[in-house]
There are 2 protein chains.
Amino acid sequence: MKFSEFRKLRALSSESICAGMLADNRDRIRIKKDDVAVKNLTRIMDGVLELSARKGFSAMSLRDLSRETGLSMGALYSYFAGKDELLDMIQRQGTKVVGELLAEAASRPAPPRDRLREVVYTHLYLSEMLQSWFYFSFMEAKGLGREQLKKAIETELYTESIIEEILSDGARSGDFASIDVPMTSAAVKALLQDWYLKRWKYSGRGVTVEQYARFMIDLVESYILKKRRKVPARPAAPVRRKK
Amino acid sequence: MKFSEFRKLRALSSESICAGMLADNRDRIRIKKDDVAVKNLTRIMDGVLELSARKGFSAMSLRDLSRETGLSMGALYSYFAGKDELLDMIQRQGTKVVGELLAEAASRPAPPRDRLREVVYTHLYLSEMLQSWFYFSFMEAKGLGREQLKKAIETELYTESIIEEILSDGARSGDFASIDVPMTSAAVKALLQDWYLKRWKYSGRGVTVEQYARFMIDLVESYILKKRRKVPARPAAPVRRKK
DNA sequence: GTCTATATAACGATAGAC
DNA sequence: GTCTATCGTTATATAGAC
């Protein structure tokens, strides 16, 4: 699927995310009118992502944010209780949206090879649409509180577990060669992340997300589809995890 | 080469780096005795790397650093002119050391395949020895001034250009298949980076740097050494979505 | 007029700097 | 230790919609 089609199918704008953010924090946000609240939450989130990308969340002052959004200091505090909570709110809502869409993509029944492609494409397209959020999420994870940090690590491992499951299925069914599933999953994850962490590089080279996706699939498939001399004597793939 | 051998060959400790740091900033550092200066510079750098890993450089106060190093606020300012310069100093010295060792590894004449392995191993072993510096360098790059930031980007691209050169040589000589050199280099770089960015993950799984290196080489070589007979079962199998 | 959303201004704490 | 700037935060005042 082309990125342009994907983009139209998913209602994934800052606004749609902030609408969810409002719904989930309806009691804390002191603004009554939904349309006003969503509009300003969007300005706030976009401002945070922009300023954080430039100098980091903790180096961004709320006065910077006030200037960037055009809202006063007092107004800002009608939308969140404090700077820490602002970070949590943005992280939580993005994680939720991304997790749901990824889980949906992985759940579609298909042969392992197609499922892997589907997950790779979905992840790349999602991170293309929400690049600034993905970047923010990676760079500012350590600023989270203990609870939220645990959640963030779980999410990192969750993405990988989706890939692991597909690779395990493929190895078991014989679609894939006998590979080290956790290591291969980690590599896939690393390549997925590079797309949004190094966006400046790929933009500068004029690489599109479709080109990156195709390259990534080629690279990974050349490894997992290669013919191994070792014929799997055992039906179960001998992939072991170290403790 | 085993990591333990590599480690012994290279004199790469915090102290050795800080000795270079002292030499390069001899005029700015107000401490006269070299041994005292190196000892405290080491405490300072290790403290910065530790605290920054925990909550980020800009969230680390110099009072945190004072407590961590056991030096007073006044003493700290004998070693650097300000917080910004402290960041620059650490970035610059690490970049210098790593760049030199990497260039040396890439310059050894050998067939492309061996040179690629050499660079991959060297980078992984270096980042294993200086993991906290590599992590710091990646996460805190945006805090640099414009000049230093340019340098940092150049360094990122320099590593990649080393890999590109090897891949180009190999493609030209026929050792490697006809591949997209910039994209493949970027992927190699991404996999190299994952080792120090996700160290917590690999440590938790008991993966050693040798195991990671072997896996990485396998993955990359399966792509660049593959026979390019165009026999795709499905020509360009698009990812189909069910509606 | 009343309620909602925003703006102003000031507080205490803490930052970098010397 | 000290100084000053600036941080996050909040109490309070004001403007605008119906």
Side-chain angles (χ1 to χ4, degrees), chain A residues 15 18-19 21-23 25-48 50-52 54-91 140 142-145 148, chain B residues 25 27-32 37 40-41 43-45 47-52 54-91 140 142-145 148:
Chain A
E15 267 117 20
C18 289
M21 202 183 285
L22 175 63
N25 300 275
R26 205 59 193 97
D27 49 337
R28 299 190 185 191
I29 294 171
R30 293 201 293 264
I31 307 300
K32 299 280 165 68
K33 292 181 183 174
D34 282 6
D35 55 338
V36 177
V38 169
K39 190 193 75 182
N40 285 333
L41 272 175
T42 305
R43 296 166 74 99
I44 291 170
M45 192 181 74
D46 288 346
V48 169
E50 164 74 21
L51 291 168
S52 296
R54 216 148 59 210
K55 49 185 191 173
F57 182 77
S58 84
M60 172 201 80
S61 75
L62 291 182
R63 283 170 180 83
D64 291 335
L65 185 60
S66 167
R67 201 177 315 115
E68 180 83 12
T69 58
L71 292 167
S72 69
M73 292 293 289
L76 287 180
Y77 273 84
S78 305
Y79 292 89
F80 51 83
K83 203 186 177 189
D84 293 350
E85 205 205 78
L86 174 60
L87 198 160
D88 277 1
M89 209 166 65
I90 295 176
Q91 285 272 26
E140 309 296 348
K142 62 162 133 290
L144 294 167
Q148 283 295 317
Chain B
N25 300 275
D27 49 337
R28 300 189 185 188
I29 294 172
R30 292 201 293 265
I31 306 300
K32 293 176 185 167
N40 284 333
L41 273 175
R43 296 167 74 98
I44 290 170
M45 191 181 75
V48 169
L49 297 184
E50 164 73 21
L51 291 169
S52 296
R54 216 148 58 209
K55 49 184 189 174
F57 182 77
S58 83
M60 172 202 80
S61 75
L62 292 181
R63 282 170 179 82
D64 290 336
L65 186 60
S66 167
R67 199 177 317 115
E68 181 83 12
T69 58
L71 295 166
S72 70
M73 289 289 291
L76 287 180
Y77 273 85
S78 314
Y79 292 91
F80 51 83
K83 203 186 176 189
D84 293 350
E85 205 203 81
L86 174 59
L87 197 160
D88 278 0
M89 208 166 65
I90 295 176
Q91 285 273 26
E140 309 296 348
K142 63 162 133 289
L144 294 167
Q148 283 296 317

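Numbers restart at 1 for each chain; the letters A, B, ... are given by sequence-line order, proteins then strands.
With rounding to whole Å, A:N40 atom CG is found 9 Å from C:dT6 atom C1'. The interatomic distance linking A:I31 (CD1) with D:dA15 (P) rounds to 18 Å, in whole Å. Note: CG (B:L86) to C1' (C:dA17) measures 14 Å, nearest angstrom. Spacing between atom CG of A:D35 and atom P of D:dC18 amounts to 10 Å, rounded to whole angstrom units. What separates CG of A:L62 from C1' of D:dT10 is a distance of 13 Å, to the nearest Å. Between the P atom of D:dG8 and the CG atom of A:L51 lies a distance of 12 Å, rounded to the nearest Å. Taking atom CG of A:L65 as the reference point, atom C1' of D:dC7 lies 14 Å away to the nearest angstrom. As a whole-Å value, the separation of A:R63 CZ from D:dT6 P is 10 Å.
Taking 4.5 Å as the limit, some side-chain heavy atom of A:R26 sits within range of a side-chain heavy atom of A:D34. Between A:K83 and A:M60, some side-chain heavy-atom pair lies under the 4.5 Å cut-off. At least one side-chain heavy atom of B:E85 sits less than 4.5 Å from a side-chain heavy atom of B:R28. A heavy-atom distance below 4.5 Å is not found between the side chains of A:I31 and A:N40. Considering only heavy atoms from C-beta on, B:L62 comes within 4.5 Å of B:F80 through its side chain.
When each of A:D64 and A:A81 is assigned the nucleotide of DNA chain D with its nearest heavy atom, A:D64 is the one assigned upstream, toward the 5' end.
To the nearest 0.5 Å, atoms CZ (B:R43) and CG (B:L76) are separated by 10.5 Å. Separation of atoms OH (A:Y77) and CG (A:L71) is listed at 13.5 Å; rounding is to 0.5 Å. Note: A:I44 CD1 to A:E68 CD = 12.0 Å, rounded to the nearest 0.5 Å. A distance of 8.0 Å separates NZ of A:K142 from OG of B:S52, quoted to the nearest 0.5 Å.
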Paired and unpaired positions of DNA chain C as dot-bracket, Watson-Crick or G-U wobble under 3.5 Å, | denoting a partner strand: .|||||||||||||||||

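In this structure, A:Y79 reaches the sugar-phosphate backbone alone: every heavy-atom distance under 4.0 Å involves primed, P, OP1 or OP2 atoms, never a base. Counting any heavy atom pair closer than 4.0 Å across all strands shown, A:R30 reaches sugar-phosphate atoms only and no base atom.
Across residues 66-78 of chain A, A:M73, A:Y77 each have a non-hydrogen atom less than 4.0 Å from an atom of DNA chain D (numbered order).
When distances run from any side-chain atom of A:V36 to the nucleotides D:dG8, C:dG16, C:dA5, the shortest one goes to C:dA5.
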